[in-house]
Amino acid sequence: MPHHSNQCHCCPQCTEKTPSELDFSRRSFLAMGGVMLGGLSLSGLQTALAADADNPVPPPKPRTPLVVKPVLVHDIPKPRDEWSWRNWGGIQSAEEAAAEVERIKPELAAIKQRADYPVEFLDISTVTNISQMKEHPDMEKCDTILLYGAGHNVNGVQNFGKDVIFFQRWKSGPVYLQYEIVSPRFLRQHTDAAVLPGIRHSDIVTDKTEELDWRFRSLCGLKNTLGAKVVTIGGAGAWSQPGGVVQNRVKETWKFEYHDVNYDELGKLVDEAKADEKVMARAKKRADDYLKIPGTKLETKEDFFVLSFVLDEVFRMLMKRVDTNYITVNSCMGTIMPKTKTTACLTLTTLNDDGYLAFCESDFVVIPSGVLLGNIIGKPVFLCNPTYPHDNIITISHCTAPRKMNGKNFDPVRIVTHYESDYGAAPWVQAPLGTVTTHIAPAFNGDRWVGIKGKIVEVPFRPICRTQFDIQYEVSDSLLAERLPGFHWMTCYGDYRKEIGYALRRVGVQWDNLDEV
């Protein structure tokens, strides 16, 4: 079987080794908690999945909603002659608390209506002490407590084992007591530093309900990322890093589950798919329909193009079998080509554009950032190679870019060959110039992610990986060059730096947002 005769810059384990040597041994894979998927057959997958005759190409499953429990904590003081008998604040009775609940309800409804992430709000509870909520049945149902701090007795919520966001009023309604004391009495616990391990100043929101949006978006993304199941074609890798070390670290931090399909199994599935008239007819129709998308040009062999949709269907069935939306392909620079008679490049593009999170190279240094970012934004993300920063420009490039990175429209594309092999089908995506972008560069050891905001200023066609974006950034070249860790980057359209940092704090990963340095 062919393999690389020299070291390739892209592959995580591209060496002189044969494909069989590149695969994890069964013992190594099982030792890090992997599941080997064996004895697979196309007919077995189709039967087990009970594919819908009208929709035999499985769609991704939707993100799981973030469940939020709103709790209004208020005081009911009793007047006392010649004594200070009440705290600050405009909610001092059960009647005023009930009126506040009616004010909160439409605010939450508006958040849910405008949310671009799934969120559910449980009924609003009113208490005079947060400890009254400790045994409430909603505590088992919720992921996040939205605490309206109108009263004094909020201490203890940090022990509920839930994410907590404080909302307090200043001008948006009756002023809340916690507007005065949330920092010295709660966050700092009568000291000079924030001492609560799970709650920080970024968890406090004053007046602006729109400031709750990005926090909920972040927590929804984190909820959907922790414990993710990932189909690993040819094993779980990590670019230039010791086998198994990164994967175990990812398992510890992100609780990922690896479900592996070795290349012999994949080859059999693809051969069965190519021999199945219905599968081939669907692939041909999907390929024809794809060419009808405005801005689509085919500049490689039709066989490469059609077989990309055959591989797309096989990958969807494997993800459905594992009940996941996540897949990655190891040794995609060589091993997969003789098995599929095409490349995985365009297949990963079509999967990402349909709502899956599909990555090349099986690089688990960067894949957690792609899963988290994709789950936060609900749109495709782009695993790419960065270059060297200079003149406030850095080029990012890869042969697997999505076309639908704004979540709505297809960017124009030319379908060409994969660059390094001049084989298969790969997209050269024409991103709109001026598009704002977020970039994440994870460290090899997994304990730090670097982030910057950028803007696409050119979409060239140099002799490198096919999709190429020249990114303009605002930080200094020296700062970016000196702070960069790892290798691969994760990129999306839009600015989501706040959401990323908010989520990372909860899993113990440092967020180094260079734009704030």
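In this chain, numbering begins with 1 at the start of the sequence shown.
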Looking at R103 and E107, does any basic side-chain N land under 4.0 Å from a carboxylate oxygen? no
Would you say the side-chain atoms of N87 and H152 include a donor-acceptor pair closer than 3.5 Å? no
So, the side chain of S362 versus the backbone of N330: is there a donor-acceptor pair under 3.5 Å, distance only? no
Say whether Q189 and N155, considering side chains only, have a donor N or O and an acceptor N or O under 3.5 Å apart. yes
What salt bridge (Lys or Arg N to Asp or Glu O under 4.0 Å) pairs are there with at least one residue in residues 468-492, not counting sequence neighbours? R462-D470, R483-D512
Please give me the minimum heavy-atom distance between A431 and V459, naming the atom from each residue. O-CG2, 3.5 Å
Interatomic distance, CD1@I440 vs NE2@H488, rounded to 0.5 Å, equals 14.5 Å
For S125 and V71, indicate whether the former's side chain and the latter's backbone hold a donor-acceptor pair under 3.5 Å. no
Could you state the interatomic distance from CD1 (I76) to CD (E96), rounded to the nearest 0.5 Å? 10.0 Å
Is any side-chain heavy atom of E100 closer than 4.5 Å to one of Y176? yes
May I ask you to decide if P432's main-chain N or O and T435's side chain share a donor-acceptor pair within less than 3.5 Å? yes
Full working for side chain to side chain contact (heavy atoms under 4.5 Å, CB included) between I204 and Y179: CA-CA 10 Å; I204 312 299; Y179 176 61; over 6 Å; no
Can you confirm whether K162 is buried at NZ, in the sense that more than 12 heavy atoms of other residues, nucleotides or ligands lie under 6.0 Å from that atom? yes
Are K61 and N325 packed together at the side-chain level, in the sense that at least one heavy-atom pair is separated by less than 4.5 angstrom? yes
Check whether any side-chain heavy atom of W88 sits under 4.5 Å from a side-chain heavy atom of I181, and report yes or no. no
Rounded distance [0.5 Å steps], CD1 in I327 versus CD1 in I233: 4.5 Å
Between R505 (side chain only) and G198 (backbone N and O only), is there a donor and an acceptor less than 3.5 Å apart? yes
On a heavy-atom basis, which atom in K229 and which in D323 lie closest, and how many Å separate them? CD-O, 4.3 Å
Out of curiosity, S240 OG to D363 CG, how far, rounded to the nearest 0.5 Å? 8.0 Å
Stepwise ring-ring contact (aromatic ring centres under 6.0 Å, His included) test for F469 and F382: CA-CA 11 Å; F469 302 154; F382 180 24; 5.7 Å; yes
With no hydrogens and no angle check, just 3.5 Å: does a side-chain donor-acceptor pair link Y117 and E499? no
Residues V509 and R448: closest non-hydrogen pair is CG1-N, 4.0 Å
Starting from the C-alpha separation in whole Å, work towards a yes-or-no answer on side-chain hydrogen bond (donor to acceptor under 3.5 Å, both in side chains) for D353 and Y290. CA-CA 12 Å; D353 287 338; Y290 195 83; 4.5 Å; no
For residues I471 and I456, determine if any side-chain heavy atom of one lies less than 4.5 Å from a side-chain heavy atom of the other. yes
Would you say that Y326 contacts T225 through its side chain, given a criterion of any heavy-atom pair below 4.5 Å between the two side chains? no
Would you please test K404 and K379 for side chain to side chain contact (heavy atoms under 4.5 Å, CB included) and show each step? CA-CA 8 Å; K404 208 173 179 180; K379 295 180 286 191; over 6 Å; no
Kindly give the heavy-atom pair with the smallest separation between C360 and T400, and that separation in Å. SG-OG1, 3.8 Å
Take L372 and L504, measure what side chain to side chain contact (heavy atoms under 4.5 Å, CB included) needs, and give me the verdict at the end. CA-CA 9 Å; L372 177 62; L504 290 184; 4.0 Å; yes
Count the heavy atoms belonging to other residues, nucleotides or ligands that lie under 6.0 Å from NZ of K134, then report whether that count exceeds 12. yes
In plain terms, say whether E102 and K105 are close enough for a salt bridge, that is, a side-chain N and a carboxylate O under 4.0 Å apart. yes
T328 side chain to F359 backbone, donor-acceptor under 3.5 Å: yes
Quick one: does T126's side chain have a donor or acceptor within less than 3.5 Å of a partner on L72's backbone? no
Is it the case that the side chain of R249 and the backbone of N445 share a donor-acceptor pair, with hydrogens and angles ignored and the cut-off at 3.5 Å? yes
Electrostatic pair R497:E516 at N-O distance under 4.0 angstrom: no
Hey, is the main chain of V205 close enough, under 3.5 Å, to the side chain of E211 for a donor-acceptor pair? no
Between D312 and Y356, does the side-chain hydrogen bond (donor to acceptor under 3.5 Å, both in side chains) criterion hold? Intermediate values first, please. CA-CA 11 Å; D312 173 291; Y356 291 98; over 6 Å; no
Could you tell me whether the side chain of R403 and the main chain of D411 form a donor-acceptor pair under 3.5 Å? yes
Between R286 and T350, do the side chains contain a donor N or O and an acceptor N or O under 3.5 Å apart? no
Under 3.5 Å side-chain donor-acceptor pair for K223 and T64: no
Of the non-hydrogen atoms in V154 and I130, which two are nearest, and what is the gap between them? O-CG2, 3.4 Å
Distance in Å, S172 OG paired with K208 NZ, rounded so as to fall on 0.5 Å steps: 11.0 Å
Answer yes when D203 and R506 have at least one side-chain N-carboxylate O distance shorter than 4.0 Å, and no when they do not. yes
Are side-chain heavy atoms of Q92 and D75 found at a separation under 4.5 Å? yes
Distance check, rounded to the nearest 0.5 Å: R466 atom CZ versus S397 atom OG? 9.5 Å
Might you confirm whether atom CZ of R321 has over 12 heavy atoms from other residues, nucleotides or ligands at distances under 6.0 Å? no
Indicate the ring-plane relationship of Y258 and F256, choosing parallel, tilted or perpendicular according to the 30° and 60° boundaries. perpendicular
Under 30°, 30 to 60°, or over 60°: which ring-plane class applies to F216 and F121, parallel, tilted or perpendicular? perpendicular
Would you say CH2 of W214 has more than 12 non-hydrogen atoms from neighbouring residues, nucleotides or ligands within 6.0 angstrom? yes
Heavy-atom nearest pair, A441 first then P485, reads O-CG, 3.3 Å
Does I199 form a side chain to side chain contact (heavy atoms under 4.5 Å, CB included) with L187? I'd like the steps, not just the answer. CA-CA 7 Å; I199 306 177; L187 292 176; 3.8 Å; yes
Distance-only donor-acceptor check, side chains D163 and Y502, under 3.5 Å: no
With a 4.5 Å heavy-atom cut-off, do T144 and C142 have their side chains touching? no
Set out, in order, the CA-CA distance, both residues' side-chain angles and the distance that settles side-chain hydrogen bond (donor to acceptor under 3.5 Å, both in side chains) for D260 and T232, then state yes or no. CA-CA 5 Å; D260 190 53; T232 59; 3.0 Å; yes
Please examine the side chains of Q158 and P197, heavy atoms only from C-beta on, and report whether any two atoms are closer than 4.5 Å. no
Carboxylate-amine/guanidinium contact K453 D515, below 4.0 Å: no
With no hydrogens and no angle check, is any side-chain donor or acceptor of Q468 less than 3.5 Å from a backbone partner on I396? no
